[in-house]
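Residue numbering restarts at 1 for every chain, and letters A, B, ... go by the order of the sequence lines.
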Amino acid sequence: MSNEAFVIMRDVSFQFGEQLILNHIELSLKKGTSYALIGKSGVGKSTLLNLIAGFIQPSQGSMTIGGGPVKKSKGNTAFLFQDLGLFPWQTVMEAIMMPLLLKKEKNIEGAKEQILALLKEMELESLKDKYPHELSGGQRQRVAIARALISKPELLLMDEPTSSLDSMTKEHIQQLILAQQQKLKTTLLFVTHDIEEAVFLGEIILILNKNGTIQEVKNPYFAQKNAKDQLGFYEACIEIRKSMNMELPMK
Amino acid sequence: MNIIRKIVGNQLIVGFFSFIVFWEIIYLFVQTHTIPSPLETFSYFFTVLDILGLHSLGSLLRVLAALSISILIGIPAGIFLGVNKKVNRLFSPFLYYIYPIPKVAFLPVFMLLFGLGNVSKVMLIIWIVVFQMILSVRDGVMRIPVSHFKVMESYSATIKQQYRFLIIPSILPQVFSALRISIGISLASLFFAENYATTYGVGYFIMSAWTKMNYEEMFCGIIVLGFIGLLFFKLIDLLEIHFTPWAAK
């Protein structure tokens, strides 16, 4: 893990009409680190993610990704949407190949090998010619993750990546995300309502409060084998939940 | 046994034979020379096959030309309205006013504007298909989920790439639906259009047989008109399977 700050937000506010959604946010994300962003409903977690993705512009403050403006980093940022955003007309293979075609990848033969390797890692090999409606929820989730990872993004943003899945599938997907994040050393920021997921996948847990403060909690259970078999894991979840319910003083 | 099962399983053949049976029943009950016997009509059919082929070709070419032009106008116009909310707000009332008017009512206008030749006939069919096409394509574009556009944005896709990977594939099912809906009404209107200033076309063939009181010939024309419709429906089905394989699965 590098100590270099990769994403920097300075005094960022976001207002929608009369409503102030994010208030003077200060945040810095280190390169190659996995961050879980949690907080009560309506504190602006998804808005924060959309700001970093460059889908919306801050009303105030400055933001940089990799030392440059957010707009320039777009090619190196991947976003995993809550509804996955898979196109019904693309097979698994076509969906995963699309980011490379959009980036005008010249070595398409080499890229195909790369796709096949990723398909294998994501256990999608036998499904490469299937359309999204022919896949289960977990399979679709894996396709969306593979599509996000194929271009080896420096920053991966995920909005509630496993919210629609059953607990068994959820755990499997979490393992796959963790393995890929560790392998690619991608900076990961994901929003979740599931505290267990935050403790399992987040090296650092960011608790966003209504007043705009962000509490950072270092997570000792990140990437630990059999973390969920340890009592301490669930104690950590309880601690995080307590911290979430405690409003920090105004800045 | 297998051949029989195949024939019975083919909806097209079953449909056609049901029509023949229905026709035969009507023929037997009504007992008027206006409705000829199916058997006599089919024997007559082979005697006029050459001339009927020529008339069918005339009708087919008119519909094909009109459909091609409608697609060329309707798809870009529909996309333009779908992606530009302000333009859509401006033009939608006009489209909603024009759309429900029976387009055959415009036939005299087209005759006056474009003459009595093929242009007015093709223009009438374009007028029928193009509004259906514009509205379907516009709705298709407007129904694309916001997250799909965000996916494109997250990869910094150019406008051209957005059309190639997102907009065009997402409207294709709507294009085929619009064509399917328009085919029936196009052929019905073509029948009217082929009743003036022409000596070829299935519409002309049917009306000419009627004036000659040759009802076998008239029914041959009606059968062919049905086959032309069927041909277009099958062609659309094939194109749809080819261009939108995800929808067929």
message: With a 4.5 angstrom heavy-atom cut-off, is it the side chain or the backbone of I144(B) that approaches chain A, or both, or neither?
response: neither
- prompt: So, for Q90(A) and F165(B), which heavy atoms are closest and what is the spacing to 0.1 Å?
  reply: NE2-CD2, 4.0 Å
task: Kindly give the heavy-atom pair with the smallest separation between L86(A) and H148(B), and that separation in Å.
output: O-NE2, 3.3 Å
- prompt: Can you name the closest pair of heavy atoms from Q161(B) and L102(A) and give their distance?
  reply: NE2-O, 3.0 Å
query: Taking the side chain as C-beta and beyond, is there a heavy-atom pair between S170(B) and F87(A) under 4.5 Å?
result: no
query: Is a side-chain donor or acceptor of W89(A) paired with a backbone partner of A247(B) at a separation under 3.5 angstrom?
result: no
message: Given heavy-atom pairs under 4.5 angstrom as the criterion, report whether the side chain, backbone, both or neither of L101(A) touches chain B.
response: both
statement: What one should report as the nearest heavy-atom pair of S147(B) and D83(A) is OG-OD2, 2.9 Å
- request: Identify the two heavy atoms, one from Y155(B) and one from A148(A), that lie closest to each other, and give their separation to 0.1 Å.
  value: OH-CA, 3.8 Å
- prompt: Is the number of heavy atoms from other residues, nucleotides or ligands under 6.0 Å of F114(B) CZ greater than 12?
  reply: yes
query: Under 6.0 Å from the CD1 atom of I185(B), do we count more than 12 heavy atoms belonging to anything else shown?
result: no
message: Less than 4.5 Å apart, side chain to side chain, heavy atoms only: is that true for K150(B) and F81(A)?
response: yes
query: Do the non-hydrogen side-chain atoms of M98(A) and M152(B) ever get within less than 4.5 Å of each other?
result: yes
- prompt: Hey, is CZ on F106(B) packed in by over 12 heavy atoms from elsewhere, all under 6.0 Å?
  reply: yes
